[in-house]
There are 2 protein chains.
Amino acid sequence: MREKLSENTEEKILEAAKEIFVREGKSGARMQEIADKAGINKSLLHYYYRSKEKLFYTVFKFVFSKFAHKIINLFDADKDIFEVIEQFIDNYIDLIRKNPFIPMFIINEINRKETSFVTEVIRETGINIDTYFEFIQRNIDLGKIKAVDPKQLIINILSLCIFPIISRPIVQIILYDDNKNAYDKFLDQRKKEVNEIIFTMIKPN
Amino acid sequence: MREKLSENTEEKILEAAKEIFVREGKSGARMQEIADKAGINKSLLHYYYRSKEKLFYTVFKFVFSKFAHKIINLFDADKDIFEVIEQFIDNYIDLIRKNPFIPMFIINEINRKETSFVTEVIRETGINIDTYFEFIQRNIDLGKIKAVDPKQLIINILSLCIFPIISRPIVQIILYDDNKNAYDKFLDQRKKEVNEIIFTMIKPN
DNA sequence: CGTAAATTTGACCATTCGGTTAAACTATTT
DNA sequence: AAATAGTTTAACCGAATGGTCAAATTTACG
């Protein structure tokens with residue numbers, strides 16, 4: 001049995017597939033377009049990933065895993081919760097701003113799949129929400145924050161960070177007459193805004 | 001010139017197209033599927049709406065207009081702002097819960113279109129954000145609420161209401177082990193949660 | 001080098017899909 | 001009833017698309 005000669009090609013395919021799938025969605029993506037972007041023949045796609053379905057699954061798992069871990073891992077630390085949240089909001093808004101299509105991509109495709117697919121992906125990527133719950137509970141026990149519902153809290157943070165970016169194409173037009181710079185400023189201000197909201201809601205009386 | 005005999009068929013097509021487009025997206029939707037759902041021949045689709053593009057445009061405008069007006073019109077009233085917001089949150093969460101695919105549909109398709117398309121739709125549907133701005137400004141002037149940024153405010157409300165529902169398929173699994181009832185309770189509680197957040201942020205000191 | 005395995009290509013296939021066309025059918029007007 | 005305009009259908013078309021296959025090329029190794 002020979003060694004794998006070009007893990008390079010596989011990389012290039014994945015990179016191209018990621019870009020196309022994320023931008024166009026699964027049904028909108030074309031195998032030919034992915035091949036072109038990877039600079040290879042369409043047959044090669046099927047040589048490495050037997051079908052569009054398989055290729056998509058690989059890409060989805062990769063993208064989802066990366067994003068999910070960026071959320072969960074933060075709360076692993078033993079840092080001050082207010083610092084963690086501030087840092088999270090700052091990093092996450094920037095991250096999504098740089099990859100504005102990814103949240104939509106994830107939500108979108110999960111909507112089209114059965115639960116088993118999602119469960120499988122979550123299991124395989126090994127994300128674990130419990131570290132977050134423990135982190136919050138510890139801080140409640142220590143009296144650092146109010147006894148808030150950790151589930152509502154994480155959804156509040158994610159909502160306030162993600163929604164303004166995924167809805168940007170409409171909101172930028174309606175609120176800012178499609179002025180890109182103005183909306184970028186809006187998003188920068190938003191970091192303070194979200195911070196203030198979350199802090200206000202969790203800080204002890 | 002003859003009368004239109006069956007505005008019935010046109011209705012049926014629109015209804016079917018709406019359901020399919022919203023669920024499958026523009027590229028995922030099939031003209032044949034729409035025809036089947038409307039109980040007619042595929043050629044009839046092209047008789048009434050010349051192309052998929054035209055049919056989609058009609059559906060999109062219809063759906064977008066309905067949802068946008070539900071947001072804007074509320075703030076037209078001369079009611080107490082706290083009542084308006086409370087009612088809005090309650091209604092809107094229920095509305096989206098009943099039509100969970102619509103926000104994603106709108107955001108999704110707007111992402112794929114050029115600005116001109118969106119501007120056109122907004123112009124044609126005649127939504128006007130100024131009534132909202134005036135409503136907020138009036139309440140600030142009257143000292144009923146703090147001098148908050150109306151843009152941040154509306155985005156906060158929409159984020160907190162919409163995101164938990166569009167991300168439901170993932171979040172329900174991660175937070176509630178895919179227990180539908182549990183997540184429905186979560187969303188009911190959420191009305192209180194969002195209300196409390198918004199009220200806390202705008203009420204005068 | 002020679003050969004066998006791994007990689008890459010081009011030609012090709014079956015199916016799907018949006019769209020067209022001509023003919024059939026229905027209702028309305030005269 | 002005949003003519004006419006509006007409505008519906010079945011058959012068909014060309015392009016696009018996911019996928020296959022056998023041949024060609026490259027690479028690793030004895």
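Below, read A as the first sequence line, B as the second, and so on, with proteins coming before strands; counting in each chain starts at 1. Since the model is a prediction, treat every value here as computed from it, not as a measurement.
- Relative to the axis of its first five pairs, the axis of the last five pairs of the helix from dC1(C)-dG30(D) to dT30(C)-dA1(D) sits at 0°, rounded to 10 degrees.
- Sorted by first and then second residue, the salt bridge (Lys or Arg N to Asp or Glu O under 4.0 Å) pairs with a member in residues 148-160 of chain B form an empty list; sequence neighbours excluded.
- Between the P atom of dG18(C) and the CZ atom of F56(B) lies a distance of 13 Å, rounded to the nearest Å.
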Just list the side-chain donor-acceptor pairs under 3.5 Å for residues 169-177 of chain A, sequence neighbours left out, or say none.
residue : atom : partner : partner atom : Å
Q172(A) : OE1  : R168(A) : NE           : 2.7
Q172(A) : OE1  : R168(A) : NH2          : 3.1
Q172(A) : NE2  : D178(A) : OD1          : 3.1

For residues 192-203 of chain B, which side-chain N or O atoms pair as donor and acceptor with protein atoms under 3.5 Å away, sequence neighbours left out?
residue : atom : partner : partner atom : Å
E193(B) : OE2  : N156(A) : ND2          : 2.8
N195(B) : ND2  : K191(B) : O            : 3.4
T200(B) : OG1  : E196(B) : O            : 2.5

**Report entry** B/S/- contact track for nucleotides 17-23 of chain D, protein heavy atom under 4.0 Å
**Finding:** SBBBB--
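- The nearest whole Å value for the distance from the OH atom in Y49(B) to the C1' atom in dG19(C) is 17 Å.
- Rounded to whole angstrom, the span from the OH atom of Y47(B) across to the C1' atom of dA11(D) amounts to 19 Å.
- Shown here is K79(A), whose NZ atom has no more than 12 heavy atoms of other residues, nucleotides or ligands within 6.0 Å.
- For the pair Y57(B) OH and dG18(C) C1', the computed distance is 21 Å after rounding to whole Å.
- Y57(A) is linked by a ring-ring contact (aromatic ring centres under 6.0 Å, His included) to F117(A), counting only residues two or more places apart in sequence or in another chain.
- Between L45(B) atom CG and dT7(D) atom P the separation is 15 Å, expressed in whole Å.
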Under 3.5 Å, which donor-acceptor pairs do the side chains of residues 68-75 of chain A form with other protein atoms, sequence neighbours left out?
residue : atom : partner : partner atom : Å
H69(A)  : ND1  : S65(A)  : O            : 2.9
H69(A)  : ND1  : S65(A)  : OG           : 3.3
H69(A)  : NE2  : T125(A) : O            : 3.3
N73(A)  : ND2  : H69(A)  : O            : 3.4

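- Annotation: side-chain hydrogen bond (donor to acceptor under 3.5 Å, both in side chains) contacts of E24(B) (sequence neighbours excluded): none.
- For the ring-ring contact (aromatic ring centres under 6.0 Å, His included) test, residues two or more places apart in sequence or in another chain that qualify with F21(B) are F56(B).
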